[in-house]
Protein chains: 2
Amino acid sequence: MFESYHQILKRNRYKVTPQRKAILEVLDNTRGMHFTAEEIYNQVKKTNPQIGIATVYRTLELLVRLEIVYKSSFDEGRHRYEFYEGDRHFHHHFLCNKCGVIIEVEEDYLCQLEGVLEERGFMISNHNLRLYGLCPACHRKEKHPETR
Amino acid sequence: MFESYHQILKRNRYKVTPQRKAILEVLDNTRGMHFTAEEIYNQVKKTNPQIGIATVYRTLELLVRLEIVYKSSFDEGRHRYEFYEGDRHFHHHFLCNKCGVIIEVEEDYLCQLEGVLEERGFMISNHNLRLYGLCPACHRKEKHPETR
DNA sequence: GTAGTTGCAAAACCTTTGCACTAGG
DNA sequence: CCTAGTGCAAAGGTTTTGCAACTAC
């Protein structure tokens, strides 16, 4: 199941330790979530109670360097981590201003803008789009409030 | 010159203090830049040497709440602040992977994507796009290296 | 006059680092 | 074995907070 991640670690001469396996397992079991280092630490502690948070940070940093994991900031004063699906058209994120849910958006639509910039001399290798507003559930509640 | 910001403060029952004026002045004089709280603090200290960094943080937080200033994180472990131009189609940012320059991009091109999401029940109130790659200068150097 | 604001220092938070110990290859 | 990796605790960097003094209105 983790064969490919094991192989990436081995190919780069990194050891496949129980801690690294446990962190990869948590990330794999929570695809679609966007966890902080502390949340990952709490998950991993369930199976590896001895683990230290420094190991979590060091492992996440390694996985980011190996482009296995993507690290991003949602302006909360800490970082969130998720599996990197690998191609340059990484999915976008929608954040609900009301309930705080983070929803992944697969549609792209940025080729046109990137084309314009490349004509202007830029070389675009990646992008990261955040959309803010109300998710369908909160938007519905706003339009049809039960009380008041 | 700051009349409008004074008015926004007054309208919301906040006092117009010399510290707040100085911070707004620094932000106004550095449009197009993206300063950290500490950089703003160092600028403001030139005219108001007695100011404390806590005041800078509290003022920036206030200005963000009043939607005068936009706060964002470029994944450096700290936040950057800039005047909020106000409409929902806030400009995008390009970050050069080589020289680190941050360039503002005015083109939008996100209406199509937002339209799709709104059809799906979302209400989009803002967005934030980061583009990563090489700026024209670094891209040129990469293509025509002087040495080697 | 008084509630809002400031400056200072301490605290809170997230993240990194030094070091002795451990264990994967 | 031997070096990379770990856990712990301490340190580092940014941001927030408590509080007494101050000041805009």
Handout entry: For B:Leu134, the rest of its hydrophobic cluster, which grows through side-chain links under 4.5 angstrom
Key = A:Met123

Practice task
Remember a base hit wins even if backbone is also touched, and classify A:Arg13 as base, sugar-phosphate or nothing at under 4.0 Å, heavy atoms.
Solution key: nothing

Completion exercise
Note: with side-chain heavy atoms under 4.5 Å as the link, the other cluster members for B:Leu95 come out as B:Phe74, B:Ile102, B:Tyr132

Practice task
Would you indicate, yes or no, if D:dT15 has its OP1 or OP2 atom less than 4.0 angstrom from a side-chain nitrogen or oxygen of B:His79?
Solution key: yes

Exercise for the section: Check whether any side-chain nitrogen or oxygen of B:Arg78 sits under 4.0 Å from OP1 or OP2 of D:dG13, and answer yes or no. Expected result: no

Exercise for the section: Can you tell me the distance, in whole Å, between the CZ atom of B:Arg65 and the P atom of D:dT15? Expected result: 17 Å

Problem - For A:Tyr57, ring-ring contact (aromatic ring centres under 6.0 Å, His included) partners two or more places apart - result: none

Practice task
Sugar-phosphate atoms are those with a prime plus P, OP1 and OP2; base atoms are the rest. Using that split, label each nucleotide of nucleotides 20-25 of chain D B, S or - for protein heavy atoms under 4.0 Å, 5' to 3'.
Solution key: ---BBS

Problem - B:Leu27 to B:Leu63 - nearest heavy-atom pair and separation - result: CD1-CD1, 4.1 Å

Completion exercise
Here the distance between atom P of D:dG5 and atom CG of A:Asn12, to the nearest Å, is 11 Å

Exercise for the section: Tell me yes or no: between the side chains of B:Tyr84 and B:Asn126, is some donor less than 3.5 Å from an acceptor? Expected result: yes

Handout entry: Sugar-phosphate, base or nothing in reach of B:Arg58, heavy atoms under 4.0 Å
Key = base

Exercise for the section: For A:Leu62 and D:dG5, give me the distance from atom CG to atom C1', rounded to whole Å. Expected result: 10 Å

Practice task
In sequence, state the C-alpha distance, the side-chain angles, and the governing distance for B:His92 and B:Glu106, and then conclude on side chain to side chain donor-acceptor pair (under 3.5 Å).
Solution key: CA-CA 6 Å; B:His92 312 314; B:Glu106 293 301 335; over 6 Å; no

Problem - Interatomic distance, B:Lys21 NZ vs C:dT5 C1' [rounded to whole Å] - result: 15 Å

Exercise for the section: Look at B:Arg65 together with B:Glu61 and state whether they make a salt bridge at an N to O cut-off of under 4.0 Å. Expected result: yes

Exercise for the section: Output yes when B:Glu39 and B:Arg80 qualify as a salt bridge under the 4.0 Å nitrogen-oxygen rule, no when they do not. Expected result: yes

Handout entry: B:Leu60 CG - C:dT6 P separation (whole Å)
Key = 12 Å

Problem - Contacts of type side-chain contact (heavy atoms from CB on, under 4.5 Å), residue B:Arg31, not counting sequence neighbours - result: B:Tyr5, B:Asp28, B:Phe83, B:Glu85

Practice task
Return the value, rounded to whole Å, for the distance between atom CD of B:Glu61 and atom C1' of C:dT5.
Solution key: 13 Å

Practice task
Round to the nearest Å and state the distance from A:Leu63 atom CG to D:dG5 atom P.
Solution key: 12 Å

Exercise for the section: Determine: side-chain N/O of B:Tyr57 to OP1/OP2 of D:dT15, distance under 4.0 Å, yes or no. Expected result: yes

Practice task
May I ask you to list the residues of residues 31-56 of chain B, by number, that have any heavy atom positioned under 4.0 Å from an atom of DNA chain C?
Solution key: B:Gln50, B:Ile51, B:Gly52, B:Ala54, B:Thr55

